[in-house]
Amino acid sequence: MFLSVFDVFKIGVGPSSSHTMGPMTAANRFLDLILSDQWPRPAGAHVAALKASLHGSLAYTGIGHGTGNAVIIGLMGEAPDSIDPDRMDGIIAEVERSGRVTPSGHPAYHFQPKDDLVYDKKTPLSGHANGMRLSALDKDGRVLLTQIYYSIGGGFVVTDTELLALQKQKKQASSQKVPYPFASAKEMLAMAASSGLTIAQMKRANEEAVRSREELDAGLDRIWDAMLSCIDRGLRQDGQLPGGLKVRRRAKSIHDQLQEEWRSNRLNPVLANDWLSVYAMAVNEENAAGGRVVTSPTNGAAGVVPATIRYYLHFHPDADQQGIRDYLLTAAAIGGIIKHNASISGAEVGCQGEVGSASAMAAAGLAAVMGGTPEQIENAAEIALEHHLGMTCDPVAGLVQVPCIERNALGAVKAVTAASLALKGDGQHFVPLDAAIETMRQTGNDMNEKYKETSLGGLAVNVVEC
């Protein structure tokens with residue numbers, strides 16, 4: 001099984017990889033499909049209009065997550081990794097004014113969001129909780145082409161037929177030719193033992209089977225640069241977050257206090273936790289505001305990994321760029337195993353699949369750069385994931401703000417604690433990471449749908465909006 005580090009860490013815009021990046025990518029793919037010869041186009045037929053419907057979790061929390069806006073921007077031909085967040089409001093306003101989308105290389109298509117973008121809460125699509133249907137019509141309103149897409153977490157998008165193939169592939173050996181094709185933590189540890197390599201070295205060898213070392217390192221550095229820029233932006237901004245909850249940004253204020261304590265050498269027994277928390281909150285406040293973030297492995301959990309890397313740089317005297325690369329490679333190896341054997345989608349398994357997975361990835365990465373053995377690294381990931389099991393996804397008003405921002409801070413704290421505990425041992429432990437991952441999958445399957453990103457249960461219905 002091979003999932004690239006660049007599939008785990010994808011640069012895009014907030015507030016949700018499943019609800020913004022995924023639908024935007026689906027819209028891009030649909031535009032490509034319209035121009036292709038992969039569908040039976042009736043003789044003389046021309047696409048004149050587009051329609052979109054959102055289903056399941058995308059329908060229930062799509063307004064709060066900005067899903068409709070993501071679809072509009074995607075139908076304008078804009079991609080999540082290149083769109084300027086500052087241009088998004090203007091693009092949406094122009095489409096609403098004109099009733100048209102004008103993607104490059106296409107004729108103008110009629111698309112009036114208030115009529116042609118439907119939040120369908122009554123008709124779930126069977127493949128996944130995050131479903132959407134895109135249709136192309138002729139000038140007389142006859143449907144020429146319809147395609148179902150599923151946003152399966154972390155910005156990944158598949159069609160209905162691709163989803164079936166993906167589910168089948170999970171049960172079979174991977175066809176990707178890489179030197180260390182581990183599909184489980186058990187296989188990963190066995191390959192590390194037989195090869196004498198670290199997890200980061202095996203992951204690097206797999207990546208270099210499909211790209212050069214220079215390309216890999218440049219890509220890893222670009223990921224960290226995007227993460228670091230997001231932290232820095234979040235630490236500079238204040239004011240209210242959009243969406244109507246009137247949630248105030250806190251990262252800048254907390255950071256200013258920490259800087260003052262640092263300069264005055266005042267004793268702070270929870271200093272490390274404070275720095276971890278403020279870095280994670282800075283990222284997720286940016287995410288909530290629709291800024292540029294990196295899926296880690298999702299947008300909703302995007303603060304945990306960057307916070308622990310920044311913590312590593314802040315407090316570890318031997319921290320360097322190569323350490324950051326090894327951290328990201330190790331974290332991606334763990335994230336790939338989790339995604340392959342369970343899920344990273346809050347709509348599928350709850351927040352245990354998002355912040356829980358992120359915490360496991362961060363714990364593994366930190367343990368690796370702190371000199372941990374493969375067994376200690378696997379132990380760190382297991383501890384972090386185990387103590388997120390059962391966590392629901394219940395965003396208030398469907399916004400990635402409460403409890404998501406603070407939840408990232410706690411995920412980072414748990415990651416550092418897990419790494420520390422693992423490094424104090426010899427790597428031998430009672431619960432294997434694979435067992436924790438399987439438990440997460442089963443728990444997610446058993447979890448009531450109202451606790452899986454629909455905002456129909458939990459904090460979402462028990463918090464009075466003021």
Side-chain angles (χ1 to χ4, degrees), residues 9 198-200 220-221 223-236 250-286 294 296 301-332 334 355 358-373 376-381 383-384 387 405-425 427:
F9 298 111
T198 66
I199 294 170
L220 293 171
D221 294 346
I223 288 168
W224 171 238
D225 286 345
M227 289 178 171
L228 183 59
S229 295
C230 186
I231 293 174
D232 289 341
R233 285 196 311 273
L235 295 177
R236 292 193 301 266
R250 290 181 288 162
K252 181 180 185 300
S253 174
I254 296 172
H255 184 252
D256 290 346
Q257 294 175 53
L258 289 173
Q259 291 282 61
E260 179 60 30
E261 289 180 1
W262 191 267
R263 286 190 293 266
S264 64
N265 291 318
R266 288 201 300 270
L267 179 64
N268 181 350
V270 291
L271 182 64
N273 283 357
D274 286 346
W275 281 107
L276 273 169
S277 297
V278 77
Y279 292 147
M281 291 172 67
V283 171
N284 283 85
E285 287 176 356
E286 275 297 293
V294 180
S296 311
V304 179
V305 166
T308 49
I309 297 178
R310 185 75 174 259
Y311 168 88
Y312 158 70
L313 292 172
H314 195 143
F315 289 102
H316 198 292
D318 297 326
D320 58 16
Q321 192 70 19
Q322 188 56 49
I324 294 171
R325 294 168 183 164
D326 288 344
Y327 181 113
L328 290 171
L329 288 167
T330 305
I334 299 301
V355 171
S359 189
M361 292 163 58
L366 185 60
V369 296
M370 295 290 288
T373 64
Q376 289 172 319
I377 293 166
E378 184 261 359
N379 187 196
I383 294 171
H387 297 289
I405 295 170
E406 289 180 353
R407 192 167 281 177
N408 274 259
L410 271 292
V413 171
K414 285 185 181 181
V416 172
T417 302
S420 179
L421 286 172
L423 291 171
K424 296 296 189 294

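For reference, positions follow the sequence shown, starting with 1. Fair warning: this is a prediction, and the values are worked out from it, not measured in the lab.
Among residues two or more places apart in sequence or in another chain, the ring-ring contact (aromatic ring centres under 6.0 Å, His included) test is passed with H314 by W262, W275. Under the rule for a side chain to side chain donor-acceptor pair (under 3.5 Å), the partners of Q321 that lie at least two apart in sequence or sit in another chain are D221. R236 meets the side chain to side chain donor-acceptor pair (under 3.5 Å) test with no other residue; sequence neighbours excluded. Here D225 pairs with nothing under the side-chain contact (heavy atoms from CB on, under 4.5 Å) rule; sequence neighbours left out. Listed by chain and number, the residues in a ring-ring contact (aromatic ring centres under 6.0 Å, His included) with F9 amount to none (sequence neighbours excluded).
One N or O on the side chain of S264 and one on the backbone of E261 form a donor-acceptor pair closer than 3.5 Å. Using a distance-only test at 3.5 Å, with no hydrogens or angles considered, no donor-acceptor pair links the side chain of E286 to the main chain of I231. Side chain of Q376 to main chain of G425: a donor-acceptor pair is present (N/O by atom type, distance under 3.5 Å, no hydrogens or angles). Put simply, the side chain of S296 gets close to the backbone of V294: a donor and an acceptor are under 3.5 Å apart. K414 places no side-chain N or O within 3.5 Å of a backbone atom of S359 that could act as its donor or acceptor partner. A distance-only check finds a donor-acceptor pair linking the side chain of T330 to the backbone of D326 [under 3.5 Å].
Nearest heavy atoms, A360 versus A381: CB-O, 3.4 Å. The shortest heavy-atom contact between I383 and A422 is CD1-N, 4.2 Å. In plain terms, the two heavy atoms of A380 and A363 that are nearest each other are O-CB, 3.5 Å. Closest of all the heavy-atom pairs between L235 and A282 is CD2-CB, 3.7 Å. Residues A364 and I334 come closest through the heavy atom pair CB-CG1, 3.5 Å. For the pair S277 and V413, the tightest heavy-atom approach, listed with the atom from each and the gap, is OG-CG2, 4.0 Å.
For the atom pair OG (S229) and CZ (R233), the distance works out to 6.0 Å, reported to the nearest 0.5 Å. One finds the CD1 atom of I324 at 8.0 Å from the CG atom of L228 (value rounded to the nearest 0.5 Å). Residue L258 holds its CG atom at 8.0 Å from OH of Y279, rounded to the nearest 0.5 Å. Of the inter-residue distances, the one linking N379 atom CG with K424 atom NZ reads 12.5 Å to the nearest 0.5 angstrom. Atom OG1 of T417 sits about 10.0 Å away from atom CG of L410, to the nearest 0.5 Å.
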Exercise for review: Under the side-chain contact (heavy atoms from CB on, under 4.5 Å) rule, what do L366 and H316 come out as? Steps first, then yes or no, please.
Suggested key: CA-CA 11 Å; L366 185 60; H316 198 292; over 6 Å; no
Practice item. Please step through side-chain contact (heavy atoms from CB on, under 4.5 Å) for the pair L220 and Q322, ending with a clear verdict. Key: CA-CA 10 Å; L220 293 171; Q322 188 56 49; over 6 Å; no
Side chains of residues 301-309: which donor-acceptor partners sit under 3.5 Å, not counting sequence neighbours?
residue, atom, partner, partner atom, Å
T308, OG1, V304, O, 3.1
T308, OG1, V305, O, 2.9
T308, OG1, Y327, OH, 2.2

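Taking the side chain as every heavy atom from C-beta outward, N408 and M281 never approach each other to under 4.5 Å. Between W224 and L313, the closest side-chain pair of non-hydrogen atoms falls below 4.5 Å. Considering only heavy atoms from C-beta on, H255 comes within 4.5 Å of V278 through its side chain. Looking at R250 and E406, their side chains come closer than 4.5 Å, going by heavy atoms from C-beta outward. Between I254 and D274 there is no side-chain heavy-atom pair separated by less than 4.5 Å.
Contact check on D320 versus R325 returns no salt bridge, with no Lys/Arg side-chain nitrogen under 4.0 Å from an Asp/Glu carboxylate oxygen.
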